[in-house]
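First up is the structure itself, then whatever we jot down about it.
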Amino acid sequence: MKSLKIILMSLVAAVLVSCGTTNTVPITGRQQSLMVSDGDILSLSTQQYQDFMKSAKLSTNAANTAMVKRVGQNLANAVTNYLTSAGLQNDLQYYKWQFNLVQDNQVNAWCMPGGLICVYEGILPVTQDEASLAIVLGHEIAHAVARHSAEQMSTQMKQQYGMQIGAAVLGGMGLGTSTTSIIQAVAAQGFNFSNLKYSCNHESEADHMGLIFAAMAGYDPQAAVTFWQRMAASSKNQTAEFLSDHPSDATRIKQIQGWLPEAQKYYKPKTTTTTAAKATTTKQTTTKKTITTKKTTKK
């Protein structure tokens, strides 16, 4: 019996090593083993996103909707530039960026593979400003760039392989099982990207990468500390959906503070803010001159 277990473990290890590819996560450099292609997972996530948006109610707040799309696109542009400069431009074909704000009071946001993002109105009172919103969107985009969904699906597939190989060995059956059938089995279990819970390690990695992406997009990474402090305060009485399965508040904030020096190297303040301030000053000066002229005329 002992020898049979050794044979089983050896076969499982051999099949799992022979299947899939090794990928390097951008920014962190972590190695991961994936058993699903970007094309396959994008097709599945796109369908799920379309199905969700058919039933969701889009926000009627034009200003907030425009803000989500603006900040999201700034981050998408930064990620695109980064991947291109890192020689990963071939990965860009698997991103179909979408940023939608929906009517929902949950303090939540999520991103499906391919950059399909949904933000709930309930998180905006906590973000309060564009820099903090960039921290949230950067975190969600990082899940997609790091292929966390594909990694979790690959883990489930490996478990399926292990069980099927074990059954084959113990039953004296053949070992032939196609990857397609495994993907179907995983899908049948209800692999829903919008409700996916990542591991604490994945969440920490997304915090790290998201901080860098926000800085690359021109948003002050320092905003992450105050934002997560507000998130911690808002979840004292009720755990926010966005915080499920995440590191503790104290751990998260400490980690972010440790990554800030790295993020600051990428941070270049957006010049649009300065331009807007100059425009406002000019407008105020012009108004004052007009009022003075009118008073002089009356006299």
Side-chain angles (χ1 to χ4, degrees), residues 42 45-82 92 94-145 149 192-196 206-207 209-221 223-224 226-228 230-231 234-235 238 240-244 269-277 279-280 283:
L42 177 60
S45 66
T46 299
Q47 184 59 55
Q48 286 193 8
Y49 190 79
Q50 291 174 346
D51 291 341
F52 174 85
M53 292 309 303
K54 287 178 183 178
S55 60
K57 293 183 179 180
L58 291 173
S59 173
T60 56
N61 188 310
N64 285 342
T65 297
M67 176 179 64
V68 167
K69 291 183 180 296
R70 178 174 61 254
V71 175
Q73 193 56 56
N74 287 339
L75 282 158
N77 293 340
V79 170
T80 296
N81 292 336
Y82 168 75
L92 297 176
Y94 301 112
Y95 292 98
K96 311 295 180 185
W97 302 105
Q98 289 190 47
F99 302 91
N100 285 299
L101 178 66
V102 301
Q103 297 181 44
D104 197 308
N105 291 327
Q106 292 184 65
V107 182
N108 196 20
W110 45 260
C111 176
M112 290 188 183
L116 308 174
I117 291 178
C118 176
V119 178
Y120 293 173
E121 287 182 323
I123 203 171
L124 296 185
V126 186
T127 56
Q128 297 183 3
D129 53 44
E130 292 196 12
S132 295
L133 178 60
I135 297 300
V136 172
L137 294 181
H139 172 98
E140 295 304 328
I141 286 173
H143 279 309
V145 175
S149 296
N192 191 323
F193 293 111
S194 63
N195 295 325
L196 185 62
D207 280 346
M209 295 173 64
L211 192 70
I212 303 297
F213 290 152
M216 288 178 176
Y219 297 100
D220 189 353
T226 53
F227 165 70
W228 287 116
R230 291 196 298 272
M231 283 293 290
S234 69
S235 62
Q238 182 180 359
E241 184 69 17
F242 190 67
L243 293 175
S244 299
K270 297 178 73 63
T271 55
T272 53
T273 302
T274 304
T275 304
T280 302
K283 184 177 180 181

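Since the model is a prediction, treat every value here as computed from it, not as a measurement. We use all heavy atoms of the structure for the numbers below, so side chains are in, but hydrogens, waters and symmetry mates are not.
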Subject >> Heavy-atom closest contact (V68 atom, L137 atom, distance) >> reply: O-CD1, 4.0 Å

Original post:
How would you list, by chain and number, every residue that makes a salt bridge (charged side-chain N to carboxylate O under 4.0 Å, His left out) with R70, sequence neighbours excluded?
Top reply: E130

Original post:
So, the side chain of K96 versus the backbone of G114: is there a donor-acceptor pair under 3.5 Å, distance only?
Top reply: no

Subject >> Under 3.5 Å: donor-acceptor pair, side chain of D220, backbone of A223 >> reply: no

**OP:** Report yes if the side chains of M53 and V102 come closer than 4.5 Å at any heavy-atom pair, otherwise no.
**Re:** yes

**OP:** Show your reasoning for whether side-chain contact (heavy atoms from CB on, under 4.5 Å) applies to V119 and V136.
**Re:** CA-CA 9 Å; V119 178; V136 172; 5.9 Å; no

Original post:
Tell me, which pairs form a salt bridge (charged side-chain N to carboxylate O under 4.0 Å, His left out) where one or both residues lie in residues 105-117, sequence neighbours left out?
Top reply: none

Original post:
Partners of D51 by side chain to side chain contact (heavy atoms under 4.5 Å, CB included), sequence neighbours excluded?
Top reply: Q47, K54

Subject >> Side chains of Y219 and L133 in contact at under 4.5 Å (non-hydrogen atoms) >> reply: no

**OP:** Could you tell me whether the side chain of Y82 reaches within less than 4.5 Å of the side chain of I212, counting heavy atoms only?
**Re:** no

Original post:
Between CD of Q48 and CE of M112, what distance do you get to the nearest 0.5 Å?
Top reply: 5.0 Å

Original post:
Do the rings of Y120 and F52 sit parallel, tilted or perpendicular, given the 30° and 60° boundaries?
Top reply: parallel

**OP:** Heavy atoms only: give me the nearest E140-A109 pair and the separation to one decimal.
**Re:** OE2-O, 3.3 Å

Original post:
What is the ring orientation for H139 with H143, classed by angle as parallel under 30°, tilted 30 to 60°, or perpendicular over 60°?
Top reply: perpendicular

**OP:** Give a yes or no on whether the backbone of P113 and the side-chain of S149 come within a donor-acceptor separation of less than 3.5 Å.
**Re:** no

Original post:
Could you walk me through whether L92 and T80 pass the side-chain contact (heavy atoms from CB on, under 4.5 Å) check?
Top reply: CA-CA 7 Å; L92 297 176; T80 296; 3.8 Å; yes

Original post:
Does the E121 side chain pair with the main chain of N105, one donor and one acceptor, at a distance under 3.5 Å?
Top reply: no

**OP:** Side-chain contact test, heavy atoms from C-beta onward, threshold under 4.5 Å: evaluate it for Y95 versus V79 and give yes or no.
**Re:** no

Original post:
With side chains defined as the heavy atoms from C-beta onward, is the minimum distance between L211 and I135 less than 4.5 Å?
Top reply: yes

Subject >> F99 and V71: CA distance, side-chain angles, deciding distance, side-chain contact (heavy atoms from CB on, under 4.5 Å) verdict >> reply: CA-CA 9 Å; F99 302 91; V71 175; over 6 Å; no

Original post:
Do C111 and I117 come close enough that some side-chain heavy atom pair is under 4.5 Å?
Top reply: yes

Original post:
So how far is it from I141 CD1 to L75 CG, rounded to the nearest 0.5 Å?
Top reply: 4.5 Å

Original post:
Considering the options V126, T127, L124, which one meets the side chain to side chain contact (heavy atoms under 4.5 Å, CB included) requirement together with V107?
Top reply: V126

Original post:
Is any side-chain heavy atom of N81 closer than 4.5 Å to a side-chain heavy atom of M216?
Top reply: no

